[in-house]
Number of protein chains: 2
Amino acid sequence: MVFKSDNDFQMMKTTRSPHTVKTVKSVHAVLEALQQVNHATAQEITDWLSVSKRDNEISLTSVYRALNHLVGKAEVKPLNFNDGQVRYELNTQKMHHHHFVCTQCNHVQVVDVCPFEQILDTLRSTFLIQYHNFEVIGLCESCQN
Amino acid sequence: MVFKSDNDFQMMKTTRSPHTVKTVKSVHAVLEALQQVNHATAQEITDWLSVSKRDNEISLTSVYRALNHLVGKAEVKPLNFNDGQVRYELNTQKMHHHHFVCTQCNHVQVVDVCPFEQILDTLRSTFLIQYHNFEVIGLCESCQN
DNA sequence: GGCAACCATGAAAATGATTTTCATTTACAG
DNA sequence: CTGTAAATGAAAATCATTTTCATGGTTGCC
Ligand SMILES: [Mn+2]
Ligand SMILES: [Mn+2]
Ligand SMILES: [Zn+2]
Ligand SMILES: [Zn+2]
């Protein structure tokens, strides 16, 4: 679930005075993990944190919570490679890019151009395209209030 | 699972003589359903078939099997709107298009242009883009044998 | 027709990813 | 300190999808 606004991850500040807001452990840990392992699943993030153990080992549950929080704040982007689990990556505009996923070896080729122009044609020389997904997620006119 | 070639949906003809191949009930039913309800989940397809009941009512299990078969043959395309379930649509090139999914009301706006050019800019006038996914699925060079 | 192999189907069980619940700990404000 | 609210993790619950298994239907052949 991309987590709507209702149970919105216990807002991280609520009634507490503003200066109280600090980097919650799990959120910080997940961000750190995602800088190291890109396109990672929640489980992979948890594993990475438990291996490179400092004060950062957190539970799978908390990883999911932090990920949902970060997706809600658009700091992290969920990815679907149609392999049955959600993958995540940092949503820094600097490294905006797309993916070519091999359905056989699962290799992910990063394409760091975005203006889609002739991407597909360029790609077709080496990659056998079976299909592509292009989904834009956001708020429609009426939902923007 | 997008179903690799291993357990490949019991090939539908195998040792039987070629002319034996006929439209298996569940595959036919699913195709018919997808012509009526676009972007449908397996459950929605099953529901539609049970409502518009003729000789087409089939089990959820068979719907999944037929969908995996059709995806493998590229007749059906799986879609991910990041809502936790896979949606499907016919892969006829004639109606090739993309989607804008509202994360609040789940409304799906169909965009029937594909040459991506200024799609995003055009969209931005009415749609508040939170993020977009563009994934190309296929076979990398080494996997094409 | 009758037989044998093969295949399609559905019900129920199993899986696997993700979310929820609940009890416990931690952190801060006063 | 002390009380309140947030953060956390373990276990249970969900939920979509796959697998297993038993059964009945087709097909090709004698
Ligand atoms: Mn990436
Ligand atoms: Mn569509
Ligand atoms: Zn490959
Ligand atoms: Zn909307």
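Side chains are part of it too, since the values below use all heavy atoms of this structure and drop only hydrogens, waters and symmetry mates. Because the structure is predicted, anything quoted here is derived from the model rather than measured.
For A:Ala42, the listed nucleotide lying nearest its side chain is C:dT18; candidates were C:dT9, D:dT17, C:dT18. Between D:dG9, C:dT19, D:dT18, one nucleotide has an atom nearer to the side chain of A:Asn68 than all others, and that is C:dT19. Taking only side-chain atoms of A:Gln85, from C-beta outward, the nucleotide of C:dG10, D:dG9, C:dA17 with the closest atom is C:dA17. Looking at the side chain of B:Val24, the nearest of the listed nucleotides C:dT18, D:dG9, C:dT9 is C:dT9. Closest to the B:Thr61 side chain, of the nucleotides D:dT19, D:dT8, C:dA17, is D:dT19. Considering only the side chain of A:Lys25, D:dT8 comes nearest among D:dG9, D:dT8, C:dT9. Closest approach to the B:Tyr64 side chain among D:dG9, D:dT17, C:dG10 is made by D:dT17 (side chain taken as heavy atoms from C-beta onward). For A:Ser26, the side-chain atoms get nearest to D:dT8 when compared with the rest of C:dG10, D:dT18, D:dT8.
Distance B:Ile58 CD1 to C:dA11 C1': 15 Å, rounded to the nearest Å. Atom-to-atom, CG of B:Asn82 to C1' of C:dT18 comes out at 14 Å; the value is rounded to the nearest Å. Rounded to an integer number of Å, the gap from CG of B:Asp83 to P of C:dA17 is 18 Å. As a whole-Å value, the separation of B:Glu57 CD from C:dT9 C1' is 13 Å. C:dT19 atom P lies 14 Å from atom CD of A:Gln43, rounded to whole Å. To the nearest angstrom, C1' of C:dA17 lies 13 Å from CD of A:Glu44. Per the geometry, CG belonging to A:Leu60 stands 9 Å off P belonging to C:dT18, to the nearest Å. Atom P of nucleotide C:dA11 and atom CZ of B:Arg65 are separated by 11 Å, given to the nearest angstrom.
Side-chain atoms of B:Leu49 and B:Glu57, non-hydrogen and from C-beta on, never get closer than 4.5 Å to each other. Looking only at side-chain heavy atoms (C-beta outward), A:Thr41 and A:Val86 stay at 4.5 Å or farther from each other.
Expressed to the nearest 0.5 Å, how far NZ of A:Lys77 lies from CD of A:Glu89 amounts to 5.5 Å.
Remark: B:Ala40 pairs with B:Leu34, B:Val37, B:Glu44, B:Ile45 by the side chain to side chain contact (heavy atoms under 4.5 Å, CB included) rule, at least two apart or across chains. Scored by the side chain to side chain contact (heavy atoms under 4.5 Å, CB included) test, B:Glu32 finds B:His28, B:Arg54, B:Asn56 as partners (sequence neighbours excluded).
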